[in-house]
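Data first, discussion second: the structure below is written as structure tokens.
Note that this is a predicted model, so its numbers are computed, not measured. In what follows, every chain begins at residue 1, and chains take the letters A, B, ... in the order their sequences are listed.
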Amino acid sequence: MSEIRKSWGLHTGVVALLLALNFILPDYHHGNLARVMVLACYAMGYNMLFGYTGLLSLGHALFFAAGMYGMSLTVQHLGWSAGPAIIVGLASGLAMSLVVGILSLRTAGVAFMIVTLMFAQAGYLAALYFGEYTRGDEGFVIQKAARQIGGIDLSDPMSRYLAALVLFAVCLFITLRVVQTGFGRVLVAIRENEERTRMLGYDVHLHKLLAILLSGTMSAAAGAAYGLLFGYAGATFASVQYSIFPLLWVLLGGAGTVLGPFVGTLFMFYLIDLSSDISTAYMLIAGLTLVLLTLFAPQGLVGELRRRTLRWLP
Amino acid sequence: MELVPYLILGLLEGLVTAAVLSLMALGLSLVFGVMRVVNVAHGEFFMVGAVLAWQIASLFEGHPAWGFLAALLVAPPLTACIAVAANQLVLKRIEYDPERTIVATIGLLYIIQQVTLMTYGPDARPVEAPFNQRLSIPLVEWTESGLSLYWPWGLGTTTYKLAVIMAAVMLLTGIWILMTRTRSGLLMRATQLDRETAQAFGIPVGRVYATVFGLGAALAALAGVLIVPIQQAHYLMGHDPLLLSFIVVIIGGLGSLPGTVVAALLIGISDGMISVFFSPTLAKIIATLGVAFVLIFMPQGLFGKRGL
Amino acid sequence: MMLLSTRGLSRHFGGLKAVENVDFDLPEGQVRALIGPNGAGKTTYVGLLSGRIPASAGSVTFDGQNITHLPAHLRIRAGMAYTFQITSIYGRLSVQENVALALRWRKGGNEAATTKRATDALERVGIAKRADQLAGDLSYGHQRLLEIAMGISQQPRLLILDEPTQGLADSEIVDFISLIRDLVGEMTILLIEHNIHVVMQTADAITVLNGGEILAEGTPGEIRKNTAVQAAYLGTK
């Protein structure tokens, strides 16, 4: 029981710390951290499927982009306000993950990776094909006037940071709660030994599908929020690169840990931020990190911490 | 212009695509067949072949054939060396675990691509073809005075394109002989069938893996050298061919040489045909969704016997 | 009353008839051993019972219900428990969590009740002291016991054990025999077993499979005397 209390304490502490940082960070890092928190939600969504359920998707950009376009296209072309538009974004993510889940779960392992990659590629190409609405790679800016919820102007740095923090806290606590319930433990059991889990009386297929729905919808929430808070939607967010990023963040931070996605996103963000001052070839850092991680630290930062000292970390 | 010349043009362009694609996909398929891993960085070996071809060719003056010939002889082995180094430094250490290999080769993809960007730069650069005569293609038509030939405007190809098709046919035959008639081929096929047993019989599995990975990369690089007089060398050029080779390998059935060639012809020609008539983006959407559905509903591919 | 029956149950792999037209009845409360030479189709047969392998023909009835087309996890929920021939546990989870996973889907079971039942099961097989270790760190014999604990903790109507004593030391086999005897009256047991000593010590009745078909059925004494069985199986031992 005390382990559960400890982990709630730790994660609440992290959220409180991020809240405190809102008031003391200089502008540049304040903006960065808001971005990192939203992207960390994407990573947490990815982690639900990859870290806890053991399904390696190479196509999560499809869900992120579904949220982003679901939100931004309704704002842009139907003139909806931000609140309902976010719901459309979430619904697009949910629908997309349902379709992709039902189809791709007929495969496993490497075939699953390639099928998800192909679906996401088709989604990216579709964003280019319908360039009339999406303006393709160039993308479009979401007007300042549309970026408001209940009178709060989300383009203002302070409210943007707080909105990002709210979303981050929601995703973090959902993950923490799921991991502690029987459902989450069955996901881990599926990751560890699928056939054994089936033969203990669990509907493995249903659990995997629910994990994809949760993961895809969380990714879509991050996509919708990213578009809304930073005022831009473009096809780059649907590209292969954006499917690789969450994998990278989660591997770096620690797959199958609640805090890992945030830690990984934060590290990678600043790593790329610093190196892009030096060179345009900033993706080199991403490549090197991926190779070094697979070679030397497959558990990631938080994963290593758990292995060495804090066994109770969720 | 009428429909027939369009179709012939599409067919010819498609054959060139198919020739290059079959070499590249064969490399991918060989690596998967023998080593049971998917090499996501395969497209970068294609790109490295093309970029090296430009570097090598630019060292030569005089007739372009010398530079091209040098590139053809030097670029593939050099690329193979890079691949073997990657195999020894990375893949071997993670013991060819299928999922970790994919993650690691995604890393390799970015490393190779970005290092090229830093050294070779973001420009697209051409290599001059060793020979490049234009050939017009006549069609037959029925006129009042009986059968006669005519030359539709724009219908033609070049000697170089025909040479690419010929070269691919020769190389594919060579690989087929290597796999079926030589001792190295036997070792590879034995390893492909059963790694443990091969090891028990004293086959140096480690060396076979390194060779196969190098050979696969050399084939991709060769495809890159052959394409570079038609299409310029650029650091991002590996992306589309990678996707197309995935499609070819999945449809042809992984690890099957005849399947790969048939699928390359199918994809190359239909790519040529579709892009004559449809927008290339729509063609790609259809193709990628097609691959996904083949994998979901026919995991053995259209010709192969084994799934992923 | 028959707990489990199969009628005409068959499974073909291409041309190979792994299980052919098996009629089988298992009364409630019995300990039944399923024996036969290698390749006789024993594992395939229990795969058909538990739903891991779909049947080519025939039917399976469990507790009066036709379960031929029921997916594996629902058969487990209907009261079967299954242990694998090759040890299949969660190596990176704790011993306690391994057993808890076997119990958690039960309705009305809160975490405290689950923990208690898991501990009871571990005590029964004698590895309760190791509850907090990682299952992968256990010795091979203890891993097999853990797998049996996962089976009996579910308090199933039917416990299927696929070669549970394979690879166990002699002393561990003695403990296993007394464990099975201890379970009599609590659950029906179907035991695939190579070790004929274990079979003779535990089984109420024996079914002999050969070439995918039932060769003989009877009490241990009858099977011992059966010449066809001696020729096909015991003679080779």
Side-chain angles (χ1 to χ4, degrees), chain A residues 50 54-56 58-59 100 102-131 136 239-241 243-245 247-248 250-251 255 275 278-296 298, chain B residues 32 36-38 40-41 44 86 89-94 97-119 121-122 235 239 242-243 246-247 249-250 254 279-297 299 307-308:
Chain A
F50 169 60
L55 288 170
L56 203 164
L58 289 177
V100 170
I102 287 172
L103 289 169
S104 63
L105 281 180
R106 296 174 62 108
T107 64
V110 171
F112 180 84
M113 296 162 79
I114 296 182
V115 166
T116 48
L117 178 70
M118 292 297 164
F119 278 132
Q121 184 65 13
Y124 169 65
L125 292 167
L128 296 184
Y129 186 71
F130 295 103
S239 68
V240 181
Q241 199 165 321
S243 291
I244 305 298
F245 276 143
L247 170 67
L248 184 65
V250 167
L251 277 174
S275 60
I278 307 164
S279 161
T280 49
Y282 62 89
M283 281 303 287
L284 180 62
I285 303 292
L288 280 171
T289 313
L290 274 178
V291 172
L292 293 176
L293 277 172
T294 34
L295 278 178
F296 301 113
Chain B
F32 181 82
R36 314 294 297 167
V37 296
V38 176
V40 186
E44 303 316 298
L89 287 174
V90 183
L91 301 193
K92 198 173 163 187
R93 292 184 187 210
I94 54 173
D97 174 82
E99 298 200 345
R100 286 172 76 193
T101 299
I102 292 200
V103 178
T105 52
I106 291 173
L108 280 177
L109 179 157
Y110 283 120
I111 294 174
I112 297 174
Q113 184 189 85
Q114 299 290 309
V115 167
T116 309
L117 172 64
M118 285 160 72
T119 50
Y235 81 105
H239 189 220
L242 175 72
L243 204 65
F246 262 135
I247 299 177
V249 168
I250 285 162
L254 282 150
S279 105
T281 312
L282 188 60
K284 277 193 216 162
I285 294 179
I286 296 169
T288 37
L289 284 179
V291 177
F293 284 109
V294 167
L295 262 178
I296 292 168
F297 295 105
L308 274 173

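No other option in Thr281(B), Ile296(B), Leu117(B) has as many heavy-atom pairs under 4.5 Å with chain A as Ile296(B). Contact count versus chain A (heavy atoms, under 4.5 Å) is highest, among Leu282(B), Ile102(B), Leu243(B), for Leu282(B).
In this structure, the side chains of Tyr110(B) and Gln241(A) come closer than 4.5 Å at one or more pairs of heavy atoms. Contact check for Leu58(A) versus Ile106(B): side-chain heavy atoms found under the 4.5 Å cut-off. Between Leu295(B) and Met118(A), the closest side-chain pair of non-hydrogen atoms is not below 4.5 Å. Looking at heavy atoms from C-beta onward, Val249(B) lies out of side-chain contact with Phe32(B) at the 4.5 angstrom threshold.
Residue Leu103(A) touches chain B through both its backbone and its side chain, counting heavy-atom pairs closer than 4.5 Å. With a 4.5 Å cut-off on non-hydrogen atoms, Phe297(B) touches chain A through its side chain but not through its backbone. Proximity to chain A involves both the backbone and the side chain of Ile111(B), based on heavy atoms less than 4.5 angstrom apart. There is no contact between Ile112(B) and chain A, counting heavy-atom distances below 4.5 Å. Residue Leu105(A): no heavy atom, backbone or side chain, is found under 4.5 Å from chain B.
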Which atom pairs, donor and acceptor, lie under 3.5 Å between side-chain atoms of residues 283-293 of chain A and protein residues at least two apart or in another chain?
unit_1    : atom_1 : unit_2    : atom_2 : d
Thr289(A) : OG1    : Ile285(A) : O      : 2.5

Worksheet item: Does the pair Tyr129(A) and Ile285(B) meet the rule for a side chain to side chain contact (heavy atoms under 4.5 Å, CB included), with working shown?
Response: CA-CA 9 Å; Tyr129(A) 186 71; Ile285(B) 294 179; 4.0 Å; yes

